[in-house]
Structure formats: C-alpha cells, structure tokens
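Notes to accompany the following structure.
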2 protein chains.
Amino acid sequence: MTTKEKIFTKALELFNNEGVEYVGMRELAAHLNMRVSNITYYYPTKDDLVFAISQGLKEANSKIVVENDNITLLAFLNMLKQVFHNHVKYRCLLLSFVHLMEQNKVIKSQYKKTASSRNMAISANISHLIKNGFLKFKDKSDVEYLVSSLSLIIRFWISEAAVSQSRLSVENQIHHYLILTAKTIQPYTSKKGEKELLHFLAGLQA
Amino acid sequence: MTTKEKIFTKALELFNNEGVEYVGMRELAAHLNMRVSNITYYYPTKDDLVFAISQGLKEANSKIVVENDNITLLAFLNMLKQVFHNHVKYRCLLLSFVHLMEQNKVIKSQYKKTASSRNMAISANISHLIKNGFLKFKDKSDVEYLVSSLSLIIRFWISEAAVSQSRLSVENQIHHYLILTAKTIQPYTSKKGEKELLHFLAGLQA
DNA sequence: ACTTAAATTTGGACATTGTCCAAATTTTAT
DNA sequence: ATAAAATTTGGACAATGTCCAAATTTAAGT
C-alpha cells in the first residue's frame, strides 16, 4: 500500500468515527506515524483529501447503479440496498454533507453532476419499471415526486439515523430505511410489483 | 433592543446568510461595532449563541404545533406550511444540523427531546386524522412509516433544497416540498381527505 | 560505484479560529 | 457623591489548516 493509500484509508477510518471536522491534520498524522507536512505533500489541503474520499464513494456507487432495460422491482430495491451499504462505508461524507457543500466548491460542483445523474438514473429505472409492469401511476407528475422522495431518503437517511436511530445497529438502521423506501414505492405498485416488493421486505427479515 | 438581543439578531442574520461555521466571532463583532469579548460576556461560547438560536426555533414552532382533536387534513397541512416558513427563518440551524448535533451536546440532548415530541405530535395528529375520517390505513405499520417519512422530509427538505433547488426562490422551494409532503400523504387519504388535500394543493398555486 | 536529479520527509513558521481574563469604563443603587 | 454592580475593552492563549525551505531518501545515468 502506497503512502497515499495509507493516508486515504486512515483518514476515511478516522473521519467515519469522529466526523470530518473533528479530525485534525495533526491527529491524522499521529495515527500514521507521519509528520503533517508529509500528508500535505500528497493532499495539499484537507479539502483535497475529502474530495479524494468523495471520489471513492462515487466510484463505489457507479459499480452498482447500472442502466438496465429489463430491471425488476426486486433488482431495483436490491440496488438501493447496496447503495445504502456504500453510504455506511463513506458515512463521514453524508453526515457532513451540507457543510461540505458550502465549504468545498470542488465537491459542490462535482456533487451537482452526481446528483442530477442519480436523479436521471432513478427516473430512468422508474420508467423501465412502469414499462415492465411493476409500477403504475395515475398522474404523470406523481412520478416526478416519487423520484424526489426517493432522492431525499437516499441522501439523508444516514443523517436521520445518526440523530434518531443511533440506538439501533447499523444493519437495523439500513433495514428501517429500506422498509421506508419500499413503503414509499408501494402505493404505486401493480399486483406484480407488490408481490416482488413484499418478497423484498420478507428477505430483509431473514 | 438590548445588547443581547442585538447580538442574537445579527448572529441569526449572518449565520443564515453565510453558514454558522463561516461566521467568526470577530466578523460578528465587527458587524455589531463591538469587541469580541463583549459578545462572550453574553454568550460565553459560540455554542451558547447557537443554542440560544435553537431555542428561538423551538419556541417559534411550539406556537404553531398544537394538539387538536378536531384537526382537519387541511389544517394539518397548513400547520406544516408554517413550520416550513420557520425553518427558513432559522435555516442556519437546519443546514448545519448533523454537524451541530455532533459538536454541541447541549443541542443534541435538547434536540432528541424535540424530535421525539415532534414525532409524537405527528403521530397524534395522524391518529386524529384517521379518527376524523381524513386518512385510512390498511396496515397498522404503514402509519409508523408515514410518520418516519414526514419527519425525514420536514427535517431535511431545506438541506436538499440548498443543494438541489437553489435556483428556485424560497417560496417555490417551500411549494415544492409541501407538494412532496402532500403526495406522500395522498395514498392514505379517504375521499374526504383527498378533497381537502387537492384543495390545499390548489391553494399553493394562488 | 559515483554523481546527479527527482521524490519524499521533516521541522518550523504563519494567519486564523474560539476562548479566556484582568483591567478599564459605564451604569445603577444608596 | 460614593460604592457596587454591570458592561466593555485589549491582549493573551492554545489549536487549527496551510505553507515553505531544508534535509533525507530513492532512482537513474554514466
């Protein structure tokens, strides 16, 4: 493992445990048996380090979220499950989300792209799920608002969990918000869709 | 206006505009034609100042959220609308939400109370809305998850808006998330409930 | 093997932050 | 008018992220 990778890994670990804002460069350096300016050689500013981590999340998610015309509702929900797990691995980012947006302009512009492409990916998947008979909508604008709802849950569930559900294990937190996600979709399912949705929920208990 | 109130007001203004973390004590003092240590006389630490502001939001919301057995769905939605407006007035708090939770233990314990009492208030209102024939649920657990969904939207809509909807005016942002809230409730409305809900949505346009 | 250049690591400096305190000043009460 | 209390002030402190010149290690060419 290169020095740069060691820094990345230890930073992610400490940031996740204590919060990005509460891990100083000196503390990070101490954990690495390194001097501070050695870190700044690879990552000139703390923002650069955070940005690198955000790229890590982006890559991890890009491996999961795939465009697929033949997607099923079950596959869609399982995809979200994997995204949730990635969010746990990179939770420091999501917990400092708005703060990072305000502070770090590179992350902000980067994120805007990610956000809109995610929204489009969700929209596309919803369209496919309609076409494939898993979902049905009375009103066209309902689709748009379902996408908004899902975006909100996906982006902020871990923040909510940190505040309200910290007594639960990580696994149970994920379950809770996956159920919430499924329930949000449920009103728009067809018979076929609801069957898969219930199957997904049953699978969560096992 | 007392010195303490002047500090409070100016701090809220600057915090809202620039973010809590990006307004230093010296900058705040300069805007007040005051020395830093004069602020710390009234608010020994910045946390104390932030806590005072959080109390302001709490009081503002407590005036709105009332227990009412005869509540209608329209009244419930209008209550949420006022809460949303309060959130705009105190947006610095909600934007730094998770960050403040981690850092400021007084705010954290304070918030946990507020959060659970809010959840209970929403739950109580939903129960009344069921009893009064505006909502109906097939599954009992659906109630619990609707409450969770509403909590999530209420708490994080402004964070989402700051990132994704910053091009919209504040008024339009509020509209967007009120519609989202209404759509979240819609699947569980009775005929009577849906009528009021549509009336509320129509009122938003005017 | 020796020299040179590049890459890496180091210690110390800098400005900025929130916090704190003793002294000075203003206000209030007697 | 005087004493006490409340308020305001300037300056200090440790901690933070950032930066830079010098020292050290590594790699490459002869």
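Values in this document were obtained by computation on a predicted structure and should not be read as measured data. Order of the sequence lines fixes the chain letters, A, B, ..., with proteins taken first and strands second; residue numbering starts at 1 for each chain.
In this entry the distance linking CG of A:L32 with P of C:dT8 reads 16 Å, nearest Å. Residue B:M34 contributes atom CE, which lies 12 Å from atom P of D:dT7 at whole-angstrom precision. The distance from atom CG of A:D47 to atom C1' of D:dC19 is 15 Å, rounded to the nearest whole Å. As a whole-Å value, the separation of A:D48 CG from D:dT18 C1' is 11 Å. Rounding to whole angstrom units, CE of residue A:M25 and P of C:dT9 are separated by 14 Å. One interatomic measurement links the two molecules: OH of A:Y22 to C1' of D:dG17, which rounds to 16 Å at whole-angstrom precision. In this structure, the CZ atom of B:R26 is 11 Å from the C1' atom of D:dA12, given to the nearest Å.
For DNA chain D, the neighbouring residues in residues 39-46 of chain A, judged by any heavy atom under 4.0 Å, are A:T45, A:K46.
No more than 12 heavy atoms of other residues, nucleotides or ligands lie within 6.0 Å of NZ in B:K131, so this atom counts as exposed by the packing criterion.
Side chain of B:S54 to backbone of B:F51: a donor-acceptor contact under 3.5 angstrom is found. With B:K81 contributing its side chain and B:H175 its backbone, the two residues share no donor-acceptor pair below 3.5 Å.
Atom CZ of B:R91 is separated from atom NZ of B:K89 by 11.5 Å, given to the nearest 0.5 angstrom.
A ring-centre distance under 6.0 Å is not found for A:F84 and A:H176.
Between D:dT9 and B:N38, a contact under 4.0 Å exists linking OP1 or OP2 to a side-chain N or O. For D:dT8, the OP1/OP2 oxygens have no side-chain nitrogen or oxygen of B:R35 closer than 4.0 Å. The shortest distance between the side-chain N/O atoms of A:T3 and the OP1/OP2 oxygens of C:dT9 is below 4.0 Å.
Geometric assessment of A:K4 against the ring of A:Y43 yields a positive cation-pi assignment under the 6.0 Å and 45° thresholds.
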